[in-house]
Amino acid sequence: INGQSVTLPANSYAGDGIAFDLGAIAEFGNFTLGASVRDLFGTEMGYTNIAGRSSDEIFSYPEGDPTQDTFYIPVSYNVGASWHPDLGGLAFLMDPVFHLDWQHVRWQNRDPSIWTELHAGTEVKVLRFLKLRAGINQGYMTMGAGMKLLFLDLNISYFGREMSDWPGIKPSQGVAMEAAIRF
């Protein structure tokens with residue numbers, strides 16, 4: 001800054017990689033089916049530990065850097081379906097959508113339980129501005145609510161997820177909140 005080099009703190013990394021994704025969605029009236037493959041051939045990402053290095057050193061990226069390493073992102077498969085029933089005139093009061101999907105990440109030497117890969121839920125729009133959500137994520141209950149007022153979106157959700165390959169071994173729970181101005 002102002003012609004001087006900046007040194008970054010510990011545990012700072014910079015990296016690059018190229019990923020390929022493929023997907024398709026088909027609609028059949030009130031039903032929607034979708035499938036995708038992410039990181040199609042697996043993504044290898046080269047990264048460099050830039051801790052304690054000056055900005056001049058970081059942006060030069062010398063070849064054969066001993067702090068350089070690779071990280072592998074495995075291919076993942078996703079298949080999902082949704083059903084949005086047509087409630088006609090009642091849709092103004094209550095408009096539900098039901099979802100079900102399966103997400104499989106292909107890690108080497110791992111065979112997770114199918115229950116940690118399943119997700120199901122519903123979103124019900126009430127009076128066209130309030131959304132209520134509930135579901136199951138990897139065997140854990142999830143719930144949330146959202147509200148849209150003119151150009152202000154407010155959302156809050158409670159969720160649980162499994163951090164191991166088998167349900168109930170290493171649960172993690174959280175709350176997420178979002179406020180957005182959308183035009």
- [ ] Show your reasoning for whether side-chain contact (heavy atoms from CB on, under 4.5 Å) applies to Ile25 and Leu33.
- [x] CA-CA 6 Å; Ile25 294 176; Leu33 299 174; over 6 Å; no
Open item on the list: Can you tell me how the ring of Phe183 sits relative to the ring of Phe151, calling it parallel under 30°, perpendicular over 60° and tilted otherwise?
Closed with: parallel
- [ ] Answer yes or no: is there a side-chain heavy-atom contact under 4.5 Å between Val75 and Val37?
- [x] yes
- [ ] To the nearest 0.5 Å, tell me how far Asp21 CG sits from Ser76 OG.
- [x] 7.5 Å
- [ ] Report yes or no: do Leu132 and Phe159 belong to one cluster of Ile/Leu/Val/Met/Phe/Trp/Tyr joined by side chain heavy-atom distances under 4.5 Å?
- [x] no
Open item on the list: For residues Val124 and Leu93: do they belong to one hydrophobic cluster (side chain heavy atoms under 4.5 Å, members Ile, Leu, Val, Met, Phe, Trp, Tyr)?
Closed with: yes
Open item on the list: Which heavy atom of Ala179 sits nearest to which heavy atom of Leu154, and what is that distance?
Closed with: CB-CD2, 3.8 Å
TODO: Taking all non-hydrogen atoms of both residues into account, name the closest pair between Pro74 and Asp39 and its distance.
DONE: O-CB, 3.8 Å
Open item on the list: With rounding to the nearest 0.5 angstrom, report the OG to CG distance, Ser36 to Leu22.
Closed with: 8.5 Å
- [ ] Using a cut-off of 6.0 Å, state whether more than 12 heavy atoms not belonging to Leu130 lie near its atom CG.
- [x] yes
TODO: Any chance you could measure Arg38, atom CZ, to Asn78, atom CG, to the nearest 0.5 Å?
DONE: 7.0 Å
Task: Cluster overlap Phe92 with Met147, hydrophobic side-chain contacts below 4.5 Å - done: yes
Task: Donor + acceptor pair across side chains of His84, Asp95 (<3.5 Å) - done: yes
TODO: Take atom CG of Leu149 as the centre, draw a 6.0 Å sphere, and report whether it contains more than 12 heavy atoms from other residues, nucleotides or ligands.
DONE: yes
Task: Arg133 side, atom CZ; Lys125 side, atom NZ - distance, nearest 0.5 Å - done: 10.0 Å
Open item on the list: Are there over 12 heavy-atom neighbours, none belonging to Leu127, within less than 6.0 Å of that residue's CG?
Closed with: yes
TODO: Report the distance from atom NZ of Lys148 to atom CZ of Arg128, rounding to the nearest 0.5 Å.
DONE: 13.5 Å
Task: Sidechain-backbone polar pair: Asn30 side chain, Pro85 backbone, donor-acceptor under 3.5 Å - done: no
Open item on the list: Can you tell me how far apart OG1 (Thr43) and CZ (Phe20) are? Round to the nearest 0.5 Å.
Closed with: 8.5 Å
Check: residues 134-146 side-chain donor-acceptor pairs under 3.5 Å, at least two apart:
| residue | atom | partner | partner atom | Å |
| --- | --- | --- | --- | --- |
| Asn137 | OD1 | His119 | NE2 | 3.0 |
| Asn137 | ND2 | Gly160 | O | 2.9 |
| Gln138 | OE1 | Glu162 | N | 2.7 |
| Gln138 | NE2 | Thr116 | O | 2.8 |
| Tyr140 | OH | Glu162 | OE1 | 2.5 |
| Tyr140 | OH | Gly168 | N | 3.2 |
| Thr142 | OG1 | Gly135 | N | 3.3 |
| Thr142 | OG1 | Gly135 | O | 3.3 |

Open item on the list: Can you tell me if Glu44 has over 12 outside heavy atoms packed within less than 6.0 Å of its CD?
Closed with: no
Task: In one Ile/Leu/Val/Met/Phe/Trp/Tyr side-chain cluster, 4.5 Å: Leu152, Phe129 - done: no
Open item on the list: Hydrophobic clusters here meaning ILVMFWY residues chained together by side-chain heavy-atom distances under 4.5 Å, can you tell me if Leu90 and Val97 are in one?
Closed with: no
